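What follows is a set of notes on a single structure, which appears directly below.
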Amino acid sequence: MTTTYSVTADALQIQFGLTGVASVKQNIQLICTTMLGSCPIDRAFGIDLTAMDKSTTAAAALLQVNILSAIEQFEPRAIVTDISLQTDGEKVIPTIKFVLKEEVAG
């Protein structure tokens, strides 16, 4: 049976030594809270936020696509099943649902 996990990409507190699902969740949060180009080691890491300058509908769609492609590239242990966006004032908070690739394959 495949379990669906959920992570909200808002405030990130880095914890060292995580394994399994906790590690995948933290990595997804890190990907979603890092602006593309801001990581000195890998400028391709993160989310392209230029979509936020578009209309609300277009921005939401582009942000979801950017999140999906970044997770596919930088967190190969996860298969994204859903991305929803909530707004909190001027802040957009994505919630990502995913399954572990090993559970799907196994």
Side-chain angles (χ1 to χ4, degrees):
M1 182 174 158
T2 305
T3 304
T4 300
Y5 303 96
S6 181
V7 62
T8 301
D10 51 2
L12 175 66
Q13 262 188 320
I14 299 289
Q15 296 179 27
F16 295 97
L18 295 177
T19 59
V21 175
S23 172
V24 175
K25 284 182 174 185
Q26 180 170 280
N27 287 346
I28 289 172
Q29 278 189 306
L30 183 61
I31 292 165
C32 293
T33 56
T34 302
M35 187 171 69
L36 185 68
S38 67
C39 181
I41 297 171
D42 188 351
R43 297 290 182 190
F45 184 84
I47 303 297
D48 182 3
L49 297 178
T50 57
M52 301 311 290
D53 293 333
K54 309 280 186 209
S55 69
T56 305
T57 306
L62 287 170
L63 187 57
Q64 287 174 319
V65 169
N66 289 339
I67 289 170
L68 178 61
S69 62
I71 292 171
E72 286 176 347
Q73 181 177 358
F74 295 107
E75 183 45 83
R77 299 174 290 177
I79 299 172
V80 175
T81 59
D82 184 56
I83 300 171
S84 60
L85 303 172
Q86 292 81 36
T87 55
D88 180 16
E90 294 182 9
K91 191 170 158 182
V92 177
I93 303 170
T95 299
I96 297 93
K97 291 185 181 177
F98 67 95
V99 294
L100 293 177
K101 198 173 274 188
E102 65 187 26
E103 289 182 10
V104 173

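Just so it is clear, the structure is predicted and the values come from calculations on it, not from any experiment.
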Fill in: Joint hydrophobic cluster, L36 plus I28, side-chain heavy atoms closer than 4.5 Å
no

Worksheet item: Is a side-chain donor or acceptor of Q64 paired with a backbone partner of I83 at a separation under 3.5 angstrom?
Response: yes

Item to complete: Please report the closest heavy-atom contact between I67 and I47, naming both atoms and the distance.
Response: CA-CD1, 3.6 Å

Discussion item. Please say yes or no: joined through hydrophobic side-chain contacts below 4.5 Å, possibly via intermediate residues, are I14 and I41 part of one cluster?
Written reply: no

Worksheet entry | Connected via hydrophobic side-chain network under 4.5 Å: M35 and I71 | yes

Discussion item. Using a 3.5 Å distance criterion without hydrogens, assess whether the side chain of D82 forms a donor-acceptor pair with backbone atoms of K97.
Written reply: no

Fill in: Distance-minimising heavy-atom pair for S6 and K25
O-CE, 3.5 Å

Worksheet item: Once you round to the nearest 0.5 Å, how far does OG of S69 lie from CD1 of I31?
Response: 10.0 Å

Fill in: Residue pair F74 / D42: nearest heavy atoms and the distance that separates them
CE2-OD2, 3.4 Å

Fill in: Gap separating the CG atom of L30 from the CZ atom of F45, nearest 0.5 angstrom
4.0 Å

Worksheet item: Applying the 4.5 Å side-chain criterion to the ILVMFWY set and letting contacts propagate, would L62 and L68 be lumped into a single cluster?
Response: no

Practice prompt. Would you give the length of the straight line joining atom CG of L100 to atom OG1 of T3, rounded to the nearest 0.5 angstrom?
Written response: 8.0 Å

Worksheet item: Atom OG1 of T19 and atom CD of Q26: how far apart are they, to the nearest 0.5 Å?
Response: 11.0 Å

Worksheet item: Looking at V92, T95, I93, which one forms a side-chain contact (heavy atoms from CB on, under 4.5 Å) with L85?
Response: V92

Worksheet entry | Heavy-atom side-chain proximity of L18 to V24 below 4.5 angstrom | no

Worksheet item: Is the backbone of P76 close enough, under 3.5 Å, to the side chain of K101 for a donor and an acceptor to pair up by distance?
Response: yes

Response to the item:
Looking only at heavy atoms, the pair that brings C32 and A9 closest together is CB-CB, 3.4 Å

Worksheet item: So, for S38 and P40, which heavy atoms are closest and what is the spacing to 0.1 Å?
Response: O-CD, 3.3 Å

Discussion item. Return the CD1 to CD distance between I96 and Q29, rounded to the nearest 0.5 Å.
Written reply: 8.5 Å

Worksheet item: For residues T8 and D10, is any side-chain donor paired with an opposing acceptor at under 3.5 Å?
Response: no

Worksheet item: To the nearest 0.5 Å, what is the distance between CG (L12) and OG1 (T34)?
Response: 7.5 Å

